[in-house]
There are 2 protein chains.
Amino acid sequence: MIFSAKTEYGVRLMIELGRHHADEPTALKAIAAAEGLPLSYLEHVVADLKRAGLVTSTRGAHGGYRLARPADEIGMDDVVLALEGTVAPMDCFVTLPPERVSCSHEGDAGRACSTRLLWMRVQGGVLKALHGTTLAELVEFSERQAAEPAVA
Amino acid sequence: MIFSAKTEYGVRLMIELGRHHADEPTALKAIAAAEGLPLSYLEHVVADLKRAGLVTSTRGAHGGYRLARPADEIGMDDVVLALEGTVAPMDCFVTLPPERVSCSHEGDAGRACSTRLLWMRVQGGVLKALHGTTLAELVEFSERQAAEPAVA
DNA sequence: AATTAATCCGACTCCACTGCTAGGGTTTCC
DNA sequence: GGAAACCCTAGCAGTGGAGTCGGATTAATT
């Protein structure tokens, strides 16, 4: 069970945006340099974030990206969902909406997955953790790290 | 974010074992048939479970597998950990033990990952959900499903 | 107007890993 | 001794993730 690197990059990107002033846009190039990430790949990442309405962009020279909302109004579930597409512990979760999902491994006459109960709880746990963390928190954490000297 | 099919199979396998009497072993073949899973792959799955001490085996004709402990003493974290190896939202979690993990994307002088705070919470949420669910619960759920007619 | 710096967009490659199969060996019951 | 099960190792094919590349568009600067 692991999140993709794309998600990791996206979270870092958002934090970096949160650390900059919201008035003037930040270029991707700067973020790539600061975090040591490949610029060309970051473009794909930020595209997802933009599609989800989490960042806005200004094109042309001196362009870049800004947070679409203040950092304390951005839950990390928004961010992760935008990048990961879905947060489901099992792929049979993805298909139909809430109930009555027919797993491929249902045995016989469509009685619900017995494993489903477990995956529901796991998904709930993840979503709760994500939703309970705001971007602002991570930004603040990051800034505190930067301030303090690097461990004893 | 998704668990592997191996884990899904393993959980089903454990449930199936839980549904059978613990005195006589259940053959893998029977489980494969009941769940519609490939027998040859199940062998790998059950090997992991055995290695983790969750099931015991008896070889030879009329052999098979049994739960090593009563179902209500088996947390699903045990099962998932045995199959998944680790439950970490990010691969940099896997390496070093608890603290002082040096992520590959640490920027400069080893200040801790700012994303780490987030992943810690997620991991906590998952582990809590898994640990809070016992195999016995799932077995019971499964048996209730089998009893009731399949939806209206 | 030309240049430059940035966002945008799609296609394409590479590679690791997952899911699965195959084949054989070993143990035990009838 | 044969059948039925567990056991172990190797290997393969498909998928998807991570990353690259080339080019198009937009906008500020000079």
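Naming convention: chains lettered A, B, ... in sequence-line order (proteins, then strands); numbering from 1 in each chain. It should be emphasised that the depicted structure is a prediction, and the values quoted were computed from it without experimental measurement.
Look at Y41(B) and you won't find any side-chain N or O under 4.0 angstrom from OP1 or OP2 of dA22(C). Taking 4.0 angstrom as the limit, K50(A) places a side-chain polar atom (N or O) nearer than this to OP1 or OP2 of dC8(C). Contact annotation: Y65(A) does not reach the phosphate of dA6(C) (side-chain N/O to OP1 or OP2, under 4.0 Å). The side chain of S57(B) places no N or O atom within less than 4.0 Å of a non-bridging phosphate oxygen (OP1 or OP2) of dA5(D).
dG19(C) atom C1' lies 14 Å from atom CD1 of I2(B), rounded to whole Å. For the pair L39(B) CG and dA5(D) P, the interatomic distance rounds to 10 Å; values are reported in whole Å. For the pair E43(B) CD and dC20(C) P, the computed distance is 14 Å after rounding to whole Å. Taking atom CG of residue L42(A) and atom P of nucleotide dG19(D), one finds them 10 Å apart after rounding to whole Å. Regarding E84(A), its CD atom lies at a distance of 9 Å from the P atom of dA18(D), rounded to whole Å. Spacing between atom CG of L37(B) and atom P of dG19(C) amounts to 12 Å, rounded to whole angstrom units. The interatomic distance linking D48(B) (CG) with dC7(D) (C1') rounds to 13 Å, in whole Å. Remark: C1' of dC9(C) and CG of L28(A) are 14 Å apart, rounded to the nearest angstrom.
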If you apply the rule side chain to side chain donor-acceptor pair (under 3.5 Å), what do you find for S4(B) with E84(B), and how did you get there? CA-CA 7 Å; S4(B) 63; E84(B) 207 75 8; 3.2 Å; yes
Check the pair T26(B) / R66(B) against side chain to side chain donor-acceptor pair (under 3.5 Å), numbers first and verdict last. CA-CA 7 Å; T26(B) 309; R66(B) 264 171 295 203; over 6 Å; no
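A salt bridge links E137(A) with R121(B): at least one charged nitrogen is closer than 4.0 Å to a carboxylate oxygen.
Residue-to-nucleotide contacts include a donor-acceptor pair under 3.5 Å from the side chain of R59(A) to the base of dT25(D).
Ranking dT28(C), dT20(D), dA28(D) by closeness to the H44(A) side chain, first place goes to dT20(D). Here the side chain of H62(B) is nearest to one of dT7(C), dT21(C), dC30(C), namely dC30(C). Minimum atom distance to the side chain of K6(A) is reached by dA18(D), of the listed dT7(C), dA5(D), dA18(D).
Checked options H44(B), K50(B), R51(B); the residue passing with D48(B) is R51(B) (criterion: side-chain hydrogen bond (donor to acceptor under 3.5 Å, both in side chains)).
For the pair M14(B) and I74(B), the minimum side-chain heavy-atom distance is below 4.5 Å.
Map P38(A) and K29(B) each onto its nearest nucleotide of DNA chain D; the residue landing nearer the 5' end is K29(B). When each of A27(B) and S40(A) is assigned the nucleotide of DNA chain D with its nearest heavy atom, A27(B) is the one assigned upstream, toward the 5' end.
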